[in-house]
Amino acid sequence: MSSQNLTFNSSEKLKSRKLIQSLFESGQSLKKYPILIRFQKIETELNSVGVSVSKRNFKSAVDRIRIKRQLREAYRLNKHKIYNRTDSRFAIMIIFIGRKHLPSETIHEQVAHLLQNIE
RNA sequence: GCUGCAGGUCGCCUUAUCGCUGUCCCGGAUUCGGGAGAGAGGAAAGUCCGGACACCAUAGCACAACAUAGCGGGUAACGCCCGUCAUUCUAUUUAGUUUUUCUAAAUAGGAGCGGACCAGUGCAACAGAAAGCAAGUACAGUUCGGCUGUAGUGAAAUCGGUAAACUCUAUGUGGUGAAAUGUUAUGUAAACCAAGGCUUGAGGGUUGUGCGCCCAAUCUUGGAGGGUAAACAGAUUGAGGUUUUUGGAAACAAAAAUCCUAGAUAAAUGAUAAGGCGUUUGAUGAAUUUCAAACGACAGAAUCCGGCUUACAGACCUGCUUUUUAU
């Protein structure tokens, strides 16, 4: 089951435009620099997760892609913190609000901390 | 060996574990599980030219506007590429000159906004009366007309220069851009679309202008929107790559053999660990010897091709060149 293993494939990705819109309009948010997450309870089997990096802070496409990969990896390795703790499922958008590159270790720590506090 | 220039090739590697996106095979037969194999670039970038493809009379016609500009060739096409002539720059050699300078010729390497001033309009430092259509110095001639010649200024005085001046000539250019466009499924109404009929053509739309064209209201018939930015096609086999042969001075073309090499869509191609490779720094030392640390250029496909431009640590190859050593 993809909810238990260390996977993050397309069935768990946030793709619906409507859901993203409602997430930004009425979702809750948690912040721990340099990460901001917005989340909302949804009635599905799996979480629905997206990542985002502002073009304003990182002009180069290479930089943005690198950070998005770090964020996805951080979710993949830490998603058990949600699945093991609660039966609720969430739509989550992980947003990078920093202005420079950070080591993956730091990003993973911050994302793990935020996922721990979602409810 | 070293210095510099030009052109070309490459542009981190290996293993393990955990993942991501397609493809194929097996089991299941909707979801799913297992296995095999594939998965960013020379610029994928800028979006500056040229095409393929698709749709749209808001697409047509005329003027305007814009682009290109020796000659020959290549190409699907080009503003690109190859060759060549003239021009111009640099270097060397030779000749002329007492020498520097300068001039001429030859050789080598580069550069580029290279059509036309026998249509019209404009512009021109200094000198000069005057750089074009007005004025005018001296002398001489004279058909007595500022008509002709000489002198004088200047590169140039009705002889010309200038089109990186307007302009003219030749050739070319419609717009939009894969979120194009097509197909399929479900299917309430007055909103949307298509076809047809009737009336009015006011007002509006288009690229600057004119013509043309389109849009409106009402009736009839048929189909539809949302859910759903859905799914599939377009979409990756192509002006394709590699090798050989032939033709050609080259760009390039032809033939044969062989290969299939990303296809995502809130957008895959990654993360971690260990080792190696390279660069830099520090220590060590007879020795890039040994050790340690840091770093790994520019940059991420998005319909697809051909170019151009710009960015780029480092490595290698070829040619020319500077200097040194040996023979």
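This one's a predicted model, so the numbers in the text were calculated from it and none came from an experiment. The figures that follow rest on heavy atoms only: side chains count, while hydrogens, waters and symmetry mates do not.
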Complementary nucleotide of B:U272, counting Watson-Crick and G-U pairs under 3.5 Å: B:A16
For B:A40, is chi within 90° of 0 (syn) or not (anti)? syn
Taking N or O atoms only and anything under 3.5 Å, show me the protein contacts with nucleotides 298-303 of chain B, one pair per line.
| from | atom 1 | to | atom 2 | distance (Å) |
| --- | --- | --- | --- | --- |
| B:G300 | OP2 | A:S60 | OG | 3.3 |
| B:G300 | OP2 | A:V62 | N | 3.4 |
| B:G300 | O6 | A:R69 | NH1 | 3.2 |

Let me confirm one number: the CD-OG1 distance from A:Q70 to A:T106, rounded to the nearest 0.5 Å. 9.0 Å
Is any side-chain heavy atom of A:Q40 closer than 4.5 Å to a side-chain heavy atom of A:Q28? no
Applying a 3.5 Å limit to both distances, which nucleotide forms a Watson-Crick or G-U wobble pair with B:G314? B:C10
Is the ring pair A:F90/A:F39 parallel, tilted or perpendicular, if the boundaries are 30 and 60 degrees? perpendicular
Write down the distance between CD1 (A:I67) and C1' (B:A271), rounded to a whole number of angstrom. 15 Å
Residue matched to B:G112 through Watson-Crick or wobble contacts both under 3.5 angstrom: none
Using Watson-Crick geometry (N1-N3 plus N6-O4 or O6-N4) or G-U wobble (N1-O2, O6-N3), each under 3.5 Å, B:G177 is paired with B:C53
Between atom CZ in A:R64 and atom C1' in B:A267, what is the gap in whole Å? 12 Å
Does A:R72 reach a base, just sugar-phosphate, or nothing at all? Heavy atoms under 4.0 Å. sugar-phosphate
Which way is the base of B:G42 turned, syn or anti, if we draw the line at 90° from 0? syn
In whole angstrom, give me the gap between the P atoms of B:A268 and B:A216. 45 Å
Indicate syn or anti for B:U121, taking the glycosidic torsion and treating anything within 90° of 0 as syn. anti
For the C1' atoms, the ones on B:C61 and on B:G51, what distance do you get once it is rounded to whole angstrom? 27 Å
A:I107 side chain near A:F96 side chain, heavy-atom distance below 4.5 Å: yes
Considering only the C1' atoms, how many Å lie between B:U258 and B:U237, rounded to the nearest integer? 15 Å
How would you list, by chain and number, every residue that makes a side chain to side chain contact (heavy atoms under 4.5 Å, CB included) with A:L114, sequence neighbours excluded? A:L30, A:K32, A:I35, A:I37
Separation of atom NZ in A:K68 from atom P in B:U269, rounded to whole Å: 11 Å
Contact between A:I94 and A:I92 at the side-chain level, heavy atoms closer than 4.5 Å - yes or no? yes
Give me the distance, rounded to whole Å, that separates B:C214 from B:G201 when you measure between the C1' atoms they each carry. 13 Å
Give me the distance, rounded to whole Å, that separates B:G227 from B:G187 when you measure between the C1' atoms they each carry. 11 Å
Report yes or no: do A:M93 and A:I97 belong to one cluster of Ile/Leu/Val/Met/Phe/Trp/Tyr joined by side chain heavy-atom distances under 4.5 Å? yes
As its Watson-Crick or G-U partner within any shown strand, both distances under 3.5 Å, B:C144 has none
Could you tell me the Watson-Crick or G-U partner of B:G96, where both distances fall under 3.5 Å? Say none if there is no partner. B:C102
Integer-rounded Å distance: B:A266 C1' and A:R38 CZ: 16 Å
Ranking A:V51 and A:Q70 by the position along RNA chain B of their nearest nucleotide, the one closer to 5' is A:V51
Within this structure, what is the CE-to-P distance between A:M93 and B:A266, rounded to whole angstrom? 11 Å
Could you give the distance separating B:C12 and B:U184 at their P atoms, to the nearest angstrom? 48 Å
Identified pairing partner of B:G149, criterion: Watson-Crick or G-U wobble below 3.5 Å: B:C139
Considering Watson-Crick and G-U wobble pairs with both distances under 3.5 Å, what does B:G282 pair with? B:C291
Where the side chain of A:R64 meets the backbone of A:K59, is there a donor-acceptor pair that is under 3.5 Å apart? yes
Tell me if B:G22 is syn or anti. Syn = glycosidic torsion within 90° of 0, anti otherwise. syn
Can you check the A:E73 CD to B:A268 C1' distance for me, whole Å? 14 Å
What residues, two or more places apart in sequence or in another chain, satisfy side chain to side chain contact (heavy atoms under 4.5 Å, CB included) together with A:A112? A:N78, A:K81
Can you tell me how far C1' of B:G270 sits from NE2 of A:H108, to the nearest Å? 11 Å
B:U88 and B:G210: how far apart are their C1' atoms, nearest whole angstrom? 49 Å
With rounding to the closest Å, how many angstrom separate the P atoms on B:U23 and B:A264? 8 Å
Syn/anti state of B:G234 by chi, 90° boundary around 0: anti
